[in-house]
> 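Got a structure here, written out as structure tokens. Questions coming.
In what follows, every heavy atom counts, from backbone to side chain, and hydrogens, waters and symmetry copies are set aside. Here is the naming used below: chain letters follow the sequence lines, and residue numbers restart at 1 for every chain.
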Number of protein chains: 2
Amino acid sequence: MFNAIAEPQRRDILMLLRAGEWPVTDLARELGMTQPGASKHLRVLREVGLVRDRKAGKQRLYGLDARGLRPVHEWTGGFERYWNESFDRLDSYVQQLKQAGREE
Amino acid sequence: MFNAIAEPQRRDILMLLRAGEWPVTDLARELGMTQPGASKHLRVLREVGLVRDRKAGKQRLYGLDARGLRPVHEWTGGFERYWNESFDRLDSYVQQLKQAGREE
DNA sequence: TTGACGCATGCCGATATAGGCATACGATGG
DNA sequence: CCATCGTATGCCTATATCGGCATGCGTCAA
């Protein structure tokens with residue numbers, strides 16, 4: 001899951017799919033990638049369950065299934081307390097350094 | 001950034017560092033990895049800014065800088081609407097399939 | 001200065017991943 | 001049945017990554 005969204009193009013795909021379902025070719029053209037490239041990324045996303053596909057005539061429509069992103073969101077949320085606190089800590093640390101610099 | 005947290009061991013390191021600063025060797029032992037392995041992962045985390053190090057005598061203490069996780073949290077948060085909605089959509093879609101199955 | 005400790009780095013082999021290309025496969029329309 | 005369209009897959013190459021191991025480098029103590 002973390003791995004699937006580590007790829008910028010795959011994140012682009014997911015963002016695009018918030019707008020609805022897309023056939024592979026259109027999606028590839030929209031995002032400026034080749035059709036095989038899009039298919040491969042969609043395969044990865046499908047394997048981790050972030051994307052669902054259904055057949056619509058000749059085409060295959062891909063749609064978003066964002067449930068898998070929830071654990072990621074929650075995991076990062078576990079650091080919410082720290083990305084302020086650590087900022088303060090570092091800030092005061094930087095000030096210490098500056099102070100030490102002046103005193104030399 | 002996304003790539004840095006795609007590695008399970010690196011996520012373990014980040015979670016451990018919420019408890020405070022750690023010297024490399026202790027951290028490696030705590031997480032059951034080799035010292036070079038820990039150093040390499042810490043290097044990756046340092047390069048993306050998720051971790052800061054400071055020298056403390058012979059040791060080098062690593063500490064958390066979680067600010068970089070905020071964009072990740074916000075990015076996944078952009079799908080919050082969808083991991084309920086898409087669930088409903090899929091659910092009703094599955095029901096349609098069941099319905100179609102019964103009617104055959 | 002020497003030795004021990006803490007850590008980083010280099011090298012290696014194995015494995016994975018991405019991009020590009022050609023091609024195979026399934027469905028549709030004539 | 002045949003041609004065509006939409007899509008998936010296979011092959012290849014380049015590149016990245018991880019793990020393990022040995023080793024280099026800096027720091028401290030005696």
> Output the rounded distance in Å from CZ (B:R10) to C1' (D:dT17).
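These atoms are roughly 9 Å apart.
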> Considering all heavy atoms of both residues, which atom of A:N3 and which atom of A:R10 are nearest to each other, and what is their separation?
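Result for this residue pair: O-NH2, 3.4 Å.
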> So, is B:T25 near the phosphate of C:dC7, with a side-chain N or O under 4.0 Å from OP1 or OP2?
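Yes, because at least one side-chain N or O of B:T25 sits under 4.0 Å from OP1 or OP2 of C:dC7.
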> Can you name the nearest heavy-atom pair linking A:L64 to A:R18, along with the distance?
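Where A:L64 meets A:R18 most closely, the heavy atoms are CD2-CG, 3.7 Å.
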> Heavy atoms only: give me the nearest A:V48-A:M1 pair and the separation to one decimal.
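For A:V48 versus A:M1, the nearest heavy atoms are O-CE, 3.3 Å.
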> Expressed in angstrom and rounded to an integer, what is the separation of A:D53 atom CG from D:dG6 atom P?
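So the CG-P distance, A:D53 to D:dG6, works out to 17 Å.
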> Between D:dC18, D:dG6, C:dC7, which nucleotide has the shortest distance from any of its atoms to the side chain of B:V24?
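Side chain of B:V24 sits closest to C:dC7.
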> Specify the separation, in whole Å, of atom CZ of B:F2 and atom C1' of D:dA16.
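My rounded result for the distance is 19 Å.
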> Taking all non-hydrogen atoms of both residues into account, name the closest pair between B:A19 and B:W22 and its distance.
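What the structure gives for the nearest pair is CB-NE1, 4.4 Å.
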> For D:dG26, take OP1 and OP2 only and decide whether either is under 4.0 Å from a side-chain N or O of B:K58.
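Checking B:K58 against D:dG26: no side-chain N or O falls below 4.0 Å of OP1 or OP2.
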> Select one nucleotide: of C:dA27, C:dA18, D:dT27, the one nearest the side-chain heavy atoms of B:K55.
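Nearest to the side-chain atoms of B:K55, counting from C-beta on, is D:dT27.
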> Which of residues 36-47 of chain B sit near DNA chain C, with a heavy atom under 4.0 Å from it?
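Nucleic-acid contacts, sorted: B:P36, B:S39, B:K40, B:R43.
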> Report the distance from atom CD of A:Q35 to atom P of D:dT7, rounded to the nearest whole Å.
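Those two atoms, CD and P, are 7 Å apart.
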> Using every non-hydrogen atom in the two residues, find where B:L69 and A:F79 come nearest and quote the distance to one decimal.
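So the two residues come closest at CD1-CG, 3.4 Å.
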> Find which nucleotide of DNA chain D each of A:L61 and B:T34 is nearest to by heavy atoms, and output the residue with the more 5' nucleotide.
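Looking at DNA chain D, the more 5' nearest nucleotide goes with A:L61.
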> Establish, with yes or no, whether the OP1 or OP2 oxygen of C:dA27 is under 4.0 angstrom from a side-chain nitrogen or oxygen of A:R60.
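For C:dA27, OP1/OP2 do not have a side-chain N/O of A:R60 under 4.0 Å.
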> To the nearest angstrom, how far is A:D12 atom CG from C:dG19 atom P?
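Result: 11 Å.
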> What integer distance in Å separates B:L27:CG from C:dA8:P?
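After rounding, the reported distance stands at 10 Å.
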> Between A:V44 and A:V24, is there shared hydrophobic-cluster membership here, with clusters defined by ILVMFWY side-chain heavy atoms closer than 4.5 Å?
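No.
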> Using whole Å, report how far CE of B:M33 lies from P of D:dC21.
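Roughly 16 Å, once rounded to whole Å.
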> Ignoring backbone atoms, establish whether B:Y62 has a side-chain N or O less than 4.0 Å from OP1 or OP2 of C:dG6.
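Answer no for this pair, as no side-chain N or O of B:Y62 is under 4.0 Å from OP1 or OP2.
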> Quick one: closest heavy-atom pair of B:L17 and B:V51, and the distance?
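Nearest pair, atom of B:L17 first, then B:V51: CD1-CG2, 3.5 Å.
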